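Structure record follows, encoded as structure tokens.
Fair warning: this is a prediction, and the values are worked out from it, not measured in the lab. The chains referred to below are lettered A, B, ... by the order of the sequence lines, with proteins before strands, and numbering in each begins at 1.
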Protein chains: 2
Amino acid sequence: MGTRILSVEDDERIRTAVRMGLEDEGWTVDEAASGEAALEVFAERPTDVVLIDLMLPGMDGFAVCRAIRRASDVPILIVTARADTHDVVAGLEAGADDYVTKPFQPKELSARIRALLRRARPAAAGTSQLSFGDLEIVPDEGVVRRAGADIHLTKTEFRLLCELASVPGRVFSREQLLERVWGYDYFGDGRLVDVHVRRLRTKVEADPAAPRHVVTVRGLGYKLQA
Amino acid sequence: MGTRILSVEDDERIRTAVRMGLEDEGWTVDEAASGEAALEVFAERPTDVVLIDLMLPGMDGFAVCRAIRRASDVPILIVTARADTHDVVAGLEAGADDYVTKPFQPKELSARIRALLRRARPAAAGTSQLSFGDLEIVPDEGVVRRAGADIHLTKTEFRLLCELASVPGRVFSREQLLERVWGYDYFGDGRLVDVHVRRLRTKVEADPAAPRHVVTVRGLGYKLQA
DNA sequence: GGCGATCGTCACCGAACCGTCAAGGAGCGG
DNA sequence: CCGCTCCTTGACGGTTCGGTGACGATCGCC
């Protein structure tokens, strides 16, 4: 199996208790006592599930959640003493998949983690194809090449391209792109996606006026194709 | 967009309360007061999320959950008064994705549903694809292919084609098509459907003058065939 | 603190798309 | 063969939608 779980929790007693419960299930547990440490661990180790406490020294749990979600689709479970509905909603909006309030039973935590794994696993299996005709995407170091030549993309442009590339040929609506590229709680101008698509096209397309890769599907959204 | 939620709950007051909360989010709600009814509704309608109460007359919530899970990957959320850890674990083991205990806040329920949709959508979407001879319909990509070549359809044309394709060979009257493609409260020119059928034919048919797929049934309407 | 890169917003434009209409056919019954 | 009904066809304004260029705010780096 080799399921790795990252537990982000500043209270050492709870952290230990959580770890023992999870190890009883046969999972491997990484730990972090702060948000900053969590992001570091997450970047270094392959992680299958993340548990986050909301009350952390330094950056809070919501911020950690958003930061991780920006980089990955890993299942995130918030584990916290804050049971207020407002917090639950905020946590889920920040990209978390589940929200458990302390005190909780280890059995319930494990069951919820299993439920998340069950759903996440198949999705993680599909490794994204990263070549589209003369277009080549190299996720490490955020580089895109066309016909062998490096193209510099900004962070937003790159994320947009990666999102489109995640399911080649599939149409993504503007809402989906806003949600997945810009963040879950985005409210703003309706033209935002269009503008970035345009900027992306001027760099990626040989002839931006006649796009061959980043194609618009009127009334639906955009898609990427070879 | 048309997110459909099936709510399985025998207490009418709670059912109504749940429905109103969900409809506030812009979702469409189907309801069932028993497990048997739930399975029937589920088989008939496209469903994006299922909410299940554990305490039901006849077959209980766990059984409903397992039955649905056997047939589909649809996200399932258990909503119940039974807060015991044992029940939570049993529910999740039965295939549910989340477990919420009453009393709950509508906001929290909605947020949890959104979280489920977020994760389920990409996986569940790649299912539907239809073929009619040399004609191939791919709803996900908003694309129709004939003999491998992409054909561009407008949104209305595409919806019209999908509607006809939903039951191949069956004749759809103009009223039915107006209702299902354009909306329930449509009043207007009687020739609207004809015109769009024509536009559809010029794109989809090899020889628009002698349609082989989109066929007219005089006095009744149109149908799609191979 | 200054400067360039990047980002989000806005107003405008052109093209695509839609709904309507009127003028032909094509089928069908008498 | 005639006349009726139903369907097809071509064309035309109004509207919606996406593309475009520009502008100010913000960020990051020096």
Whole-Å gap separating P (C/dC7) and CG (A/Leu160): 11 Å
Polar side chain donor-acceptor pair, B/Tyr99 to A/Arg112, under 3.5 angstrom: no
Under 4.0 Å, heavy atoms only, any strand: does A/Val195 hit a base, just the sugar-phosphate, or nothing? base
Using the salt bridge (Lys or Arg N to Asp or Glu O under 4.0 Å) definition, which of the options A/Arg4, A/Arg15, A/Arg19 pairs with A/Asp30? A/Arg4
Pick base, sugar-phosphate or nothing for B/Arg199, based on heavy-atom distances below 4.0 Å to the nucleic acid. base
Which nucleotide in the set C/dG8, D/dG19, C/dG19 lies at the smallest distance from any side-chain heavy atom of B/Leu192? C/dG19
Short side-chain N/O contact from B/Tyr222 to OP1 or OP2 of D/dC6, under 4.0 Å: no
Expressed as a whole number of angstroms, how long is the span from B/Leu178:CG to C/dC18:P? 14 Å
D/dC17 C1' sits how many Å from B/His152 NE2, rounded? 12 Å
Check every atom of C/dC28, D/dT20, D/dT8 against the side chain of A/Arg198 and return the nucleotide holding the closest atom. D/dT20
Separation of atom CG in B/Leu220 from atom P in C/dG27, rounded to whole Å: 16 Å
Under a 4.0 Å threshold between the charged nitrogen and the carboxylate oxygen, would A/Asp84 count as salt-bridged to A/Arg82? no
Do A/Leu22 and A/Leu51 touch side chain to side chain, with heavy atoms closer than 4.5 Å? yes
Side-chain-base donor-acceptor pair under 3.5 Å for B/Arg218 and D/dT5: yes
For C/dC7, does either OP1 or OP2 sit under 4.0 Å from a side-chain N or O belonging to A/Thr154? yes
Quick one: is B/Trp182 getting a side-chain N or O under 4.0 Å of the C/dG19 phosphate, OP1 or OP2? yes
Under 4.0 Å from OP1 or OP2 of D/dC17: is there any side-chain N or O of A/Arg191 that close? no
Atom NZ of B/Lys107: over 12 foreign heavy atoms under 6.0 Å: no
According to a strict under-4.0 Å criterion, is B/Thr216 in side-chain N/O contact with OP1 or OP2 of D/dC7? no
Distance in angstrom units between A/Leu177 CG and D/dG18 C1', rounded: 14 Å
Integer-rounded Å distance: D/dT15 P and B/Lys155 NZ: 18 Å
Measuring to OP1 and OP2 of D/dT8, would you say a side-chain N or O of B/Arg201 lies under 4.0 angstrom away? yes
Any A/His196 side-chain nitrogen or oxygen under 4.0 Å from OP1 or OP2 of D/dT20: no
Spacing of B/Asp194 atom CG relative to C/dG25 atom P, expressed in whole Å: 17 Å
Please give, in whole Å, the distance from C/dG8 P to A/Arg174 CZ? 16 Å
